Structure formats: C-alpha cells, structure tokens
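Remarks on the structure that follows.
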Amino acid sequence: MPTTTEEAVARATRLATDIAAGAAERDRDRLLPTRQLADLRAAGLLAITVPAVDGGPGLPPSTVAAVTAILAAADPNVAQIPHSHFVYLNLVRLAAPEALRRRVNAAILAGSQIANAQSERGGATVAAIATTLTPDHSSAEAGSGFLLNGDKFYCTGSAFADILAVLARSTEDAHGLPAGEYVAIVPADAAGVVIEDDWDALGQRTTASGTIRFRDVRVGADALIPRTAAVSAPSGYGAFAQLLHAAIDVGIAEGALAAAAAFVREKSRPWFEADVERAVDDPLTVQRFGELQVTLVAARSALDAAGRAVDRAVAVPGEQTSADASLAVAAAKVLADRAATEIPSALFEVAGTRSAVAGSGLDHFWRNGRTHTLHDPVRWKYQHLGRWVLRGEAPPLHGVI
C-alpha cells in the first residue's frame, strides 16, 4: 500500500485515467463501477488511514482529501463510495475498544471495505434513529449479545461492502454497556442482512447507495462502538467527514471544467459576431473560462487549507484545533458547493448547443454536482461561520461540521 502522500496521490492519478474513460457510459446505463473499486483496493488506497500501531501507514486527512478529489474529477461516484469507509475507520480509531479496532484494521489491510448504514427515512430529522439494539435472550450462547433491527437508506457503497457500520440505539443498559447510540460493526453477509441495490436518483447514480434491512441480526457486545466518544469531544471527527465531501465537490468542478475546455477546443464553433475562426479565440468565451478558473482555484485553495486544519485537529486534538478545523472545512464546503454547481452548469454555456445533444454525456457533471451538494446544506455552514465571527461561538460537536 502507499506509505506516503506522494505515493497515494500518484496511484490515484494513475487510476483516474482509466476511471474517467467509462464514467459517462456507466452513468448512462447505471453500471456499478465494480472493477474500478477492485482497482482501488488492489492499489491499497482504501487502507491509507490505518494507523501505524495496527500496521498501516496512518496517512493524514489531507491525503485522503487529495486522493478523493483526484478520483472525483474522474468519476465522483467512485470517489463517494469509499467516503463512509474512511469516516468509519476514523470512528474506529477514535472510539472502538482496542480489540475491535485491531480486528477491523486487520480486515482493511487484508482488502476489506466498509459501507455505512446510517441514514433513515421517516424520522422528524436526519438525526432521528429508529434502528434498535436489544439484548439477545434467544439462546444461552447469545447471552452477551444484541439483536439489531431496522431499515437503512442511502447506504453508499453497500453493494461492494464486506463490513457494514450500522448506527443504532440501545434503549436499556445491557451487557455492561449503557443505553445510547452505537455503531455496530456487522459483516455484510451476516444472517438477517438484506442489501438492496435500489438507488435511483438524479445524479451519483452508480454509488450503490441502496437500502439495507436488518432483521434480528446478532451482534456481539464486542462489536459495538459508542458514538458519543467521537461526536461529543473535540476530535475533528465531523470536520474530517465534511472535508471529504468538499473534496468530492471540488473534483466534480475540476472534471467539468476540463471537459468543457476539451469540448470547446475540439468541437465548439465560435459565435459569428466574435469574428474569429476558433471557439477558443472568442474573447467572451475566454473571459468566462477565466471566471470559472477563479471559482475553481478558490475552492481548491480552501480545500487545501481545510485539509491542513483537519490534520492539525487530528494530530493535536483540542477545542481550538477542532473549532479551527470545522470552520475551515465549512468555508471550503461553501466554495466547493458553489464550484460544483456553477461550473458544470456553465459547461453548456461555454460549449454551446452541441454540448447538449443526446449522447454527449456531459450532463452527468451537472447531475452529479447537484445531487452530491445536497449533503449537509451549506446554509448552515454560513450560520456557523457567522456565529464565530460575530459572537465567538465555536461550532457544535455533532459530527457534520
């Protein structure tokens, strides 16, 4: 596996060429990127955050963000699939009992992949969790375990997962664990687990973000991670997760701008009033590309700065470093959101009518950007930034800031 940032970036860059080649076709026909995910595993890129104490390289959040942005420029579906993999590995690092941490990291080093089973439908808010853990009294052998029951939606990457990280709540003290929210580490092929590839959306169509149903799935007490430890302490946990979302959006913007430039160079015709022979010499087209480049550079610069801030929060956890990281990521998320929606939309503006014909495949940039930026609304990022500037209020520790 890569042991340095430079090696990880180089491997991601090599893979990106192949990933980009079929991205539009996979999107059009909704073909899951099975081979592409296998290549990521084989390249060791899914193990880059495993800490040194467990035999991994322990590369920092900024490296994961750099790799994610490279992959997202090629195909943001491929980039989003491992998002929760890295987020839950971070939870394992922060809050898992030592034996479970070692067990999970050993599986990752051997090539396993994690998918999330977190979000639910029907609750009053996204934070309402109805999936339950109840003491398992069905047999003497099950006396130290729980039964997991519930339905999860938007389970990104579930079709590729070996391990599921399932957010659930226990309503009673049992087996030495207090009531509260836990993340259960469950084998994807465990009895009672049903994974449905039923994701159908405007964009990000091949992320395998399907439904998972849990029916009396047996979970040992030693496979539970208390979530409170990560979301109630200044650890940078939320900032890390949000950093990767921002990286996906920046990658979408980069991919769209590159595609727009290639189309204009190769296929677009200049507007007759420009009195030039090539579209690339139309001064208004040149002006618009310059504006879009500024938008992209701002987003990329903010992402890089946020990556450094999250690195500091992870290396030296504390109230100040955690707040700095969350605020830096909030600003990066705003700019990345803007770039991921503006640039794919402007692609058609600068490329002209030919870019909108059926078969061009260029629409997937806009659909992917519009869909992915619906994660964690940026209007609340402005709120946290404004509260900090005006009242000195640090952002909350709830895991999505």
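Note that this is a predicted model, so its numbers are computed, not measured. Nothing fancy with the numbering, it's 1 onward along the sequence.
Looking only at distances, no side-chain donor or acceptor of R387 sits under 3.5 Å from a matching main-chain atom of E393. Listed for the T285 side chain is no donor-acceptor partner under 3.5 Å among the backbone atoms of V280. For the pair T371 (side chain) and R367 (backbone), a donor-acceptor distance under 3.5 Å is present. Panel note: side chain W199, backbone Q204; a donor-acceptor pair is recorded below 3.5 Å. Checked by atom type and distance alone, the side chain of R11 pairs as donor or acceptor with a backbone atom of A43 at under 3.5 Å. Side chain of H83 to main chain of A241: a donor-acceptor pair is present (N/O by atom type, distance under 3.5 Å, no hydrogens or angles). The closest donor-acceptor contact from the side chain of H85 to the backbone of I114 lies under 3.5 Å. H175 places no side-chain N or O within 3.5 Å of a backbone atom of L177 that could act as its donor or acceptor partner. Side chain of T206 to backbone of R26: no donor-acceptor contact under 3.5 angstrom is found. The backbone N or O of T3 lies less than 3.5 Å from a partner atom in the side chain of E7, making a donor-acceptor pair.
Side-chain contact check for S326 versus H384: every heavy-atom pair is 4.5 Å or farther apart. You'll find the side chain of D162 stays beyond 4.5 Å of the side chain of P187, heavy atoms only. You'll find the side chain of P57 stays beyond 4.5 Å of the side chain of T4, heavy atoms only.
To the nearest 0.5 Å, the span separating CG on L31 from CD on E25 amounts to 9.5 Å. To the nearest 0.5 Å, the span separating CZ on F240 from CG on L91 amounts to 11.5 Å.
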Is there a side-chain contact (heavy atoms from CB on, under 4.5 Å) between L59 and V64 once you walk through the steps?
CA-CA 8 Å; L59 297 183; V64 186; 5.9 Å; no

Residue pair D216, N149: steps toward the side-chain hydrogen bond (donor to acceptor under 3.5 Å, both in side chains) verdict
CA-CA 6 Å; D216 288 335; N149 283 280; 3.0 Å; yes

Which is it for L164 and F214 under the side-chain contact (heavy atoms from CB on, under 4.5 Å) test, yes or no, and what are the steps along the way?
CA-CA 11 Å; L164 302 175; F214 300 91; 4.0 Å; yes

From CA spacing to verdict: side-chain contact (heavy atoms from CB on, under 4.5 Å), R93, L89
CA-CA 6 Å; R93 179 185 67 84; L89 280 180; over 6 Å; no

Quick one: do T132 and T134 satisfy side-chain hydrogen bond (donor to acceptor under 3.5 Å, both in side chains)? Show the steps, please.
CA-CA 6 Å; T132 58; T134 56; 5.3 Å; no

Run the numbers on R370 and L202 for side-chain contact (heavy atoms from CB on, under 4.5 Å), then give the verdict.
CA-CA 8 Å; R370 181 64 281 174; L202 173 74; 4.2 Å; yes

Can you check side-chain hydrogen bond (donor to acceptor under 3.5 Å, both in side chains) on S84 and Q118, steps first, answer last?
CA-CA 10 Å; S84 55; Q118 176 169 309; over 6 Å; no

Run the side-chain hydrogen bond (donor to acceptor under 3.5 Å, both in side chains) test on T211 and D198 for me, step by step, so that the C-alpha distance in whole Å, both residues' side-chain angles and the decisive distance to 0.1 Å come before the verdict.
CA-CA 7 Å; T211 299; D198 57 357; 2.8 Å; yes

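Within 6.0 Å of CG on D200 lie no more than 12 heavy atoms contributed by other residues, nucleotides or ligands. In this structure, R215 places its CZ atom where more than 12 heavy-atom neighbours from other residues, nucleotides or ligands lie under 6.0 Å away. A 6.0 Å sphere centred on CD of E319 holds no more than 12 heavy atoms belonging to other residues, nucleotides or ligands. In the displayed structure, D275 atom CG is contacted under 6.0 Å by at most 12 heavy atoms of other residues, nucleotides or ligands. Within 6.0 Å of atom CD in E277, 12 or fewer heavy atoms from other residues, nucleotides or ligands are found, so the atom counts as exposed in its surroundings.
Residues D75 and Q36 bring no donor and acceptor atom of their side chains to less than 3.5 Å of each other. For the 3.5 Å distance criterion, the side chains of R14 and T17 fail to qualify, holding no donor opposite an acceptor. Side chain to side chain, Q383 and R379 fail the donor-acceptor criterion of an N or O pair below 3.5 Å. Looking only at atom types and distance, the side chain of D311 has a donor-acceptor partner in the side chain of S62 under 3.5 Å away. Judged by distance alone, the side chains of E291 and T295 never bring a donor and an acceptor atom under 3.5 Å apart.
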Identify each donor-acceptor pair in which a side-chain atom of residues 45-52 lies under 3.5 Å from a protein atom, sequence neighbours left out, and give them as a table.
none

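In this view, H372 and H245, H375 satisfy the ring-ring contact (aromatic ring centres under 6.0 Å, His included) rule, not counting sequence neighbours. Residues passing the side-chain hydrogen bond (donor to acceptor under 3.5 Å, both in side chains) test with T5, sequence neighbours excluded: T63.
A cation-pi arrangement is not found for R227 relative to Y237, the charged atom failing to lie both closer than 6.0 Å to the ring centre and inside a 45° cone about the ring normal.
Annotation for T321 and V316: closest pair OG1-O, 2.7 Å, computed over non-hydrogen atoms.
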